[in-house]
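Protein chains get the first letters and strands the later ones, always in sequence-line order, with residue 1 at the start of each. Every value quoted in this text rests on a predicted model; they were computed, and no experiment measured them. Side-chain atoms are counted along with the backbone in the values below, which use heavy atoms only and exclude waters and symmetry mates.
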Protein chains: 2
Amino acid sequence: MEPVSANPSAPPPAHHVHALRRFNRYFTRRIGALDDHYLGQDRPLGEARLLFEIGGEGASLRELRSRLGLDAGYLSRMVRALETQGLVRVTVHPHDNRLRVAELTAAGRTEVTEQNRLADELAEGLLAGLGGRQRDELTAALGAAQRLLRLAAITVVRVDGASRDARDCLAAYAADIDARFPEGFDPAALVRPHEVSGDAGAFLVAYEEGRPVACGALRRLEPGVGEIRHVWVHPDARRLGLARRVLRGLEEHAGALGCTVVRLDTHAVLTEAQAMYRACGYTEIPRYDDNVYAAHWFEKRLPSAAKP
Amino acid sequence: MEPVSANPSAPPPAHHVHALRRFNRYFTRRIGALDDHYLGQDRPLGEARLLFEIGGEGASLRELRSRLGLDAGYLSRMVRALETQGLVRVTVHPHDNRLRVAELTAAGRTEVTEQNRLADELAEGLLAGLGGRQRDELTAALGAAQRLLRLAAITVVRVDGASRDARDCLAAYAADIDARFPEGFDPAALVRPHEVSGDAGAFLVAYEEGRPVACGALRRLEPGVGEIRHVWVHPDARRLGLARRVLRGLEEHAGALGCTVVRLDTHAVLTEAQAMYRACGYTEIPRYDDNVYAAHWFEKRLPSAAKP
DNA sequence: ATATTCCTTTGACTTTAGTCAAAGGAAAGT
DNA sequence: ACTTTCCTTTGACTAAAGTCAAAGGAATAT
């Protein structure tokens, strides 16, 4: 896996760094601390967090371990403690006897609900000091900040078209558009791994905290002409501007593979995608393939790789 | 001290509460955690935080205790530990032999600098994932959020005009405008405590985390006419919209004291203040007093207290 | 001057949080 | 079938964080 345009720009100017640190200091002191102390009520923080993380659906110990970053032994003991307190029930995983699954009992659920109520109350108390317009502003600012922080944490890397993550992404993509296209979607229309690997093309996957959240494929149509396909973003990661990042990465790879033009097609129902392609410099062209799902065809001339 | 328009509005809508909690969860997990772990490097977190809090200027143990919320005994031991490591020097307070003051030694300063460098690096790494425009957006969003969170934490209360905090605020106000008015300012022109206490008027102080950060006074000019004076905001708390809050509070008190009109004057150099008064519904009127510092006079007719 | 309040230190604990290694049962790869 | 890899449990610790109460010197209030 090689990172794609990892650092597109020079180191960030100091004032951004300071703004982030200032905010961090203020926020963790004012809010984070409060949250933790009040939530914990009568329970060690570790246990409170664990309960919260088990949540309504339950979770395997393995998952809890990775989500909370805990030592296996430590977690095992904590779960046992919660079990003897009657808050948690532990069973073996139905499909894999190595795994155990922790679920909340009724008492556990009550406690988590109470935790949530307290946290809500705390947040309400905080917001009570603001007027309606100011609350709107705050919510908007926090939303924007979170969006950008998430985006900053996502890395786009090139992977082999036959890799596990690539296949998973394509499967999710296929399921997604199958549900969206009125006529459904036949996975046979997906690119073959060899078309997007090695010198033939490229397959990019975006990772957020280790999980694939977006993908995009590039294959060669003819010498000098690449085709972008299967740009997909996980529902949880939409509206972050991730598709553009994947697109930019694919264009870079196209340039590196000697393409001067990239093309792509889209289905009639994917109107946001069409808008994005236009906004990214693509112009509509006549049909160039016989893709039965396509209704619009686009092309973009790549800036020739400038050498300094 | 009685709170002023403490809860001007109904409990905040759930979506604001959720937005705040969502952000809080994300932020503390992603950023806060990182920060702590990296900062601690080779040193327990408690000590690292303590070093940071002692900072360049040093601080009394008492202050450290309240800033960090630590047990006295625990703090005492931690400071001793840092002292034996040669990072901190402890001396008795020059004016109060009960107090000790902790200062950083050269070695301590080096370590804090290194801490800061690491934290900067971390922030840089985070920002590296964003483009220039996105960084600007992030900084703006964090700035707005912090401003609003601070504002939410500030409460405006009425205090006695002769109280310690009132006097401190007025002194700071006097020093402030003395530096700003070309002709200086004579503190004899300040209101007398009795003019702004009891039924005669009101004195409001805004507190942020226990410290006074703004004030404003109301006295009665003649029956039915109040005068607003000495609206002042601490330099650290400017640009939060605090002056407006104080002003609104004073207007409410004026209404409660039976005033239908409030007046105020401002100095020629305080142009932002003039703009604010206009934006808050004040209109310029002819000179109504003989205040030698005044160059503009304003008036606002108060909405008569509506009963439901 | 005397009582009271402050601030810090010390002793004696407890709880949380976390680490490391060994071991054993279960699934996956060959 | 056999090795390897996974996942969890247990034992044996350590370090950090925090609590409580007693005590003594310094300021303040009365």
Side-chain angles (χ1 to χ4, degrees), chain A residues 28-29 32-33 36-54 58-85 87-103 164 210, chain B residues 28-29 32-34 36-54 58-85 87-103 164:
Chain A
T28 49
R29 198 168 50 78
D36 277 357
H37 276 101
Y38 281 77
L39 278 186
Q41 285 297 61
D42 220 17
R43 181 171 299 295
L45 231 95
E47 284 185 15
R49 276 203 280 255
L50 184 51
L51 275 179
F52 183 88
E53 205 63 35
I54 292 171
S60 67
L61 296 199
R62 184 181 173 286
E63 209 178 326
L64 292 170
R65 200 146 46 81
S66 86
R67 283 216 293 250
L68 292 165
L70 296 174
D71 174 78
Y74 185 27
L75 175 66
S76 175
R77 261 180 273 260
M78 252 200 303
V79 169
R80 152 125 33 260
L82 291 176
E83 204 180 4
T84 62
Q85 288 171 75
L87 301 171
V88 156
R89 190 185 318 115
V90 180
T91 54
V92 301
H93 192 282
H95 304 316
D96 185 340
N97 284 335
R98 291 173 303 181
L99 293 171
R100 327 242 120 179
V101 189
E103 290 168 305
R164 173 78 200 258
Chain B
T28 49
R29 199 168 48 79
L34 271 182
D36 277 357
H37 275 100
Y38 280 77
L39 276 186
Q41 284 297 63
D42 221 16
R43 179 172 301 294
L45 232 95
E47 285 184 14
R49 275 203 280 254
L50 184 50
L51 275 178
F52 184 88
E53 206 63 42
I54 293 171
S60 67
L61 295 200
R62 183 179 174 287
E63 209 179 327
L64 292 170
R65 200 145 47 82
S66 87
R67 284 215 294 250
L68 292 165
L70 295 174
D71 174 79
Y74 186 26
L75 175 66
S76 175
R77 262 180 273 261
M78 251 198 306
V79 169
R80 152 125 34 260
L82 291 177
E83 203 180 3
T84 62
Q85 289 171 74
L87 301 171
V88 156
R89 189 185 319 115
V90 180
T91 54
V92 301
H93 192 282
H95 304 316
D96 186 339
N97 283 335
R98 291 173 304 180
L99 292 171
R100 327 242 121 179
V101 189
E103 290 168 305
R164 173 76 199 260

How close or far is atom [atom2] of [N] from atom [atom1] of [X], stated in whole angstroms?
X     : N      : atom1 : atom2 : answer
B:L75 : C:dT9  : CG    : P     : 8 Å
B:E47 : D:dG18 : CD    : P     : 13 Å
B:L70 : C:dC7  : CG    : P     : 16 Å
B:H93 : D:dG25 : NE2   : C1'   : 17 Å
A:R43 : D:dG18 : CZ    : P     : 19 Å
A:L99 : D:dT5  : CG    : P     : 18 Å
A:R98 : D:dT4  : CZ    : C1'   : 11 Å
A:L61 : D:dC7  : CG    : P     : 11 Å

Counting only side-chain heavy atoms from C-beta out, which of [options] sits nearest to [X]?
X     : options               : result
A:P44 : C:dA17, D:dC7, C:dA26 : C:dA17
A:R65 : D:dC7, C:dT9, D:dA17  : D:dC7
A:D71 : D:dT9, D:dC7, C:dC20  : C:dC20

Phosphate contact ([N] OP1 or OP2) by [X] side-chain N/O below 4.0 Å:
X      : N      : value
A:R100 : D:dT8  : no
B:R80  : C:dT10 : yes
A:N97  : C:dG25 : no

Task: Residue whose nearest DNA chain C nucleotide is more 5′ - A:M78 or A:H95 - done: A:M78
Open item on the list: Go nucleotide by nucleotide along DNA chain D from the 5' end; which of A:A72 and B:R77 gets its closest nucleotide reached first?
Closed with: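 Its nucleotide being nearer the 5' end, the pick is A:A72.
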TODO: Using modelled atom types only, decide if a donor and an acceptor are shared between the side chain of B:R67 and the backbone of B:E53 within a distance under 3.5 Å.
DONE: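 Here the side-chain-to-backbone pair exists.
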Open item on the list: Within the structure provided, determine whether B:L50 and B:V79 are in side-chain contact (heavy-atom separation under 4.5 Å).
Closed with: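 Yes, side chains in contact.
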Task: Side-chain donor-acceptor pair present, A:Q85, A:R80, cut-off under 3.5 Å - done: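 Not at all, the side chains of A:Q85 and A:R80 share no donor-acceptor pair under 3.5 Å.
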TODO: Could you tell me whether B:G46 contacts a base, only the sugar-phosphate backbone, or nothing, with contacts defined as non-hydrogen atoms closer than 4.0 Å?
DONE: sugar-phosphate
- [ ] Give the minimum heavy-atom separation between B:L61 and B:L75, together with the two atoms involved.
- [x] O-CD2, 3.4 Å
Open item on the list: Using the rule given for side chain to side chain contact (heavy atoms under 4.5 Å, CB included), can you reason through A:L82 versus A:E47, listing the C-alpha separation, both sets of side-chain angles and the distance that settles it, and then say yes or no?
Closed with: CA-CA 8 Å; A:L82 291 176; A:E47 284 185 15; 3.6 Å; yes
